[in-house]
Student: 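What follows is a structure written as structure tokens; I'll ask about it next.
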Amino acid sequence: MTPAAPRSAAMVPAGQGEKAGQEKETGAHPAIGAGGAPVLTITRRADFLAANAGLRVPMPGFVLLVRPRGDGDPAMRLGITVTKKIGGAVVRNRMKRRFRALARQMLPTGGMAGADHVLIGRQGGVERAFDRLQSELAKALGRVARGEVAPDGGRRGPPRGRAR
């Protein structure tokens, strides 16, 4: 058996090199959903922070943040955040898998085109029935589409966290 030769840039099939460059440039990964506008993945911290300034819809199993980007690109982007407060790595990864499955089903048809969507896991969200999470996400996306959410999402008091 011969050792595999290292793969050089010249050996990459046509088209794949450009795509990798685009991913770094935009800070997003390829689509996870089907139908409608493409759904990309948010990877940069700055994009998560920007989404935090958008619309906030709290639900029992998660908090949905939606921020229209206004860049003319109809692609939707999805970010998922589950903190260590929720549980260990196994619990957090399970919750993220459930959120990705929800997004795959709901965002292409119910999401806002040209916007960033961030799902933040809440305590007890991993134990909720999947159909209940589906109905909560549909309700949250409906509220955003109808504009029934205040820009601060009904937060009380000053923003928490470190002063910057």
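Along the sequence shown, the residues carry numbers beginning at 1.
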Student: Kindly indicate whether the side chain of Leu64, heavy atoms from C-beta on, has any atom under 4.5 Å from the side chain of Leu119.
Tutor: yes
Student: Rounded to the nearest 0.5 Å, what separates atom CZ in Arg77 from atom CG in Asp116?
Tutor: 4.0 Å
Student: State the CD1-CZ distance between Ile80 and Phe62, to the nearest 0.5 angstrom.
Tutor: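 The CZ atom of Phe62 is 11.5 Å from CD1 of Ile80, to the nearest 0.5 Å.
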Student: Applying side chain to side chain contact (heavy atoms under 4.5 Å, CB included) to Phe99 and Leu78, what does each step give before you reach the verdict?
Tutor: CA-CA 10 Å; Phe99 284 164; Leu78 172 69; over 6 Å; no
Student: Side chain of Arg98, backbone of Val126: donor and acceptor closer than 3.5 Å?
Tutor: yes
Student: Just by distance, do the side chain of Arg122 and the backbone of Pro58 share a donor-acceptor pair under 3.5 Å?
Tutor: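 No: the side chain of Arg122 does not pair with the backbone of Pro58.
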Student: Taking all non-hydrogen atoms of both residues, which atom of Ala113 and which atom of Met76 are closest, and how far apart?
Tutor: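 Closest approach of Ala113 to Met76: CA-CG, 3.9 Å.
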Student: Supply the atom-to-atom distance Leu55 CG to Leu65 CG, rounded to the nearest 0.5 angstrom.
Tutor: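 Reported to 0.5 Å precision, the distance equals 9.0 Å.
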Student: Of all heavy-atom pairs between Ala115 and Val66, which one has the smallest distance, and what is that distance?
Tutor: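 The pair with the smallest heavy-atom distance is CB-CG1, 4.1 Å.
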Student: Evaluate side chain to side chain contact (heavy atoms under 4.5 Å, CB included) for Gln123 paired with Ile86, printing each intermediate quantity in order.
Tutor: CA-CA 5 Å; Gln123 193 70 42; Ile86 304 302; 4.0 Å; yes
Student: Grab the two heavy atoms, one from Ala103 and one from Pro108, that are nearest each other, plus how far apart they are.
Tutor: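 Closest approach of Ala103 to Pro108, heavy atoms only: O-CD, 3.4 Å.
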Student: What are the two closest non-hydrogen atoms of Gly124 and Glu127, and how far apart are they?
Tutor: CA-OE1, 3.0 Å
Student: Take Gln105 and Phe130 through the test side chain to side chain contact (heavy atoms under 4.5 Å, CB included) and record every step on the way to the result.
Tutor: CA-CA 12 Å; Gln105 289 179 1; Phe130 191 77; 3.9 Å; yes
Student: Give a yes or no on whether the backbone of Gly87 and the side-chain of Arg92 come within a donor-acceptor separation of less than 3.5 Å.
Tutor: yes
Student: Determine the minimum heavy-atom distance between Ala51 and Val118, stating which atoms define it.
Tutor: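 Result for this residue pair: CB-CG2, 3.6 Å.
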Student: In Å and rounded to the nearest 0.5 Å, what is the CG to CG distance from Leu141 to Leu107?
Tutor: 6.0 Å
Student: Could you tell me the separation between the NE2 atom of His117 and the CD1 atom of Ile42, rounded to the nearest 0.5 Å?
Tutor: 9.0 Å
Student: Does some side-chain heavy atom of Met59 sit less than 4.5 Å from a side-chain heavy atom of Arg128?
Tutor: no
